[in-house]
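All ligand and atom numbering here is 1-based and tracks the order in the structure. What you see is a predicted model, and the numbers here were worked out from it, not measured in a lab.
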Amino acid sequence: MKVSVKVPATTANLGPGFDCLGLALPIYNTITIEETVLPGTGVEINMIPEVEDVVDERVFDNIPTDSNNIVYKAVEMLYNSIGQEPSELKINIQSQIPITRGLGSSAAVVVGGLIAANKLLGSPADETALLSIATEVEGHPDNVAPAILGGFVLSSQEDDGTVTWRKLDWPEDWDITVCIPDFELSTSIARSVLPKEVPLEDAIFNSKHLAMLITAVCTNDEKLMKLALKDRIHQPYREKLIPGMKEISEAFKHEDGVLGCVLSGAGPAMLVISYRYDLDKIKSTVRDIWGAQNIKADFKTLKVEQQGAQILE
Ligand code: HSE
């Protein structure tokens with residue numbers, strides 16, 4: 001038996017929503033899991049890039065294709081949660097989501113692997129259980145929640161491991177331009193530069209701005225959103241890893257139609273959120289800033305994907 005699951009890309013954090021906000025975007029990975037009949041064949045994992053990436057495709061060489069692969073680990077956790085060991089599995093990953101750029105490529109494969117394996121097992125786990133396992137593997141729910149559910153999602157993992165989430169309506173006419181540079185940044189490096197503790201005033205700054213962001217989204221308030229998209233607990237520390245990040249944010253600060261410019265997840269991709277603003281101007285501004293540092297970039301203006309992971313029939 002063979003099951004394929006299509007999973008959207010995701011962007012996490014959106015500035016002050018560190019580790020708890022994320023939204024799904026219409027770029028997809030498709031994960032297919034097949035139980036092989038021949039015993040002793042072990043696990044086989046194939047990565048199939050489906051788009052020409054601006055980064056050399058050799059990035060795929062660094063991804064383990066054995067039982068150390070993150071998809072296999074997630075699948076193994078699911079099997080173990082029902083007292084079983086995974087059988088011989090062939091896992092194919094057709095990948096449109098750029099890797100190590102802050103667009104949820106690992107969340108997508110973890111979610112796809114879990115949903116496919118769950119179906120192969122006769123669906124013993126419900127959405128809540130899958131979300132908890134995916135969060136355990138990823139370390140935070142902000143990418144896996146919208147990858148499973150679609151849309152704009154606020155999520156939090158509670159002390160007992162369960163994930164609480166709510167979907168919010170992203171205003172239709174707020175454009176999201178994803179700016180994807182031609183260099184990689186792994187989440188582990190981007191997290192390693194964060195401090196273990198932050199000053200109280202920075203924690204207060206972020207709680208205020210996160211509350212403002214949620215209110216702005218729920219009430220379609222562009223003015224409030226422009227004030228809300230600020231963060232002091234992860235972006236300032238990550239700036240040193242992303243050439244041009246500061247200049248890009250500065251460039252749009254006084255443009256009324258640009259509501260904000262934030263890192264996509266742990267970066268290095270950046271999101272420019274705008275309202276009735278010239279999208280070509282956004283692209284040319286970012287292209288010029290990165291171009292001056294010999295960084296090439298790809299740009300996509302995207303709508304929020306409301307559909308989460310889907311089993312393909
Ligand atoms: N919230 C995570 C981070 C997203 O910023 O590190 C990356 O997976």
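For the residue pair Ser186/Thr100, the side-chain donor-acceptor check at 3.5 Å is not satisfied. Looking only at atom types and distance, the side chain of Asn92 has no donor-acceptor partner in the side chain of Thr32 under 3.5 Å away.
Shortest contact from atom 3 (C) of ligand 1 to any protein heavy atom: Arg191 NH1, 3.2 Å. His140 CE1, 3.0 Å is the protein heavy atom nearest to atom 8 (O) of ligand 1.
Atom numbering of ligand 1 starts at 1 in the shown order; those under 4.0 Å from a heavy atom of Phe18 are 3 (C), 5 (O), 6 (O). Close contacts between ligand 1 and Asn13 involve ligand atoms 1 (N), 3 (C), 5 (O) [criterion: under 4.0 Å to a heavy atom]. Atom numbering of ligand 1 starts at 1 in the shown order; those under 4.0 Å from a heavy atom of Asp142 are 1 (N), 2 (C), 4 (C). Residue contact check: Asn143 has heavy atoms under 4.0 Å from atoms 4 (C), 7 (C), 8 (O) of ligand 1. The Asp19 neighbourhood of ligand 1 comprises atoms 1 (N), 2 (C), 3 (C), with distances under 4.0 Å to a heavy atom of that residue.
At a threshold of 4.0 Å, the pair Lys281-Glu255 counts as salt-bridged, since one of the basic side-chain nitrogens sits closer than that to a carboxylate oxygen. Under a 4.0 Å N-O distance rule, the pair Lys73/Glu76 does not qualify as a salt bridge.
Considering only heavy atoms from C-beta on, Leu21 comes within 4.5 Å of Ile214 through its side chain.
Taking every heavy atom of both residues into account, Arg101 and Pro181 meet most closely at NH1-O, 3.1 Å.
Residue Leu263 does not touch ligand 1, judged by heavy-atom distances below 4.0 Å. Only the side chain of Arg238 comes within 4.0 Å of ligand 1, judged by heavy-atom distances.
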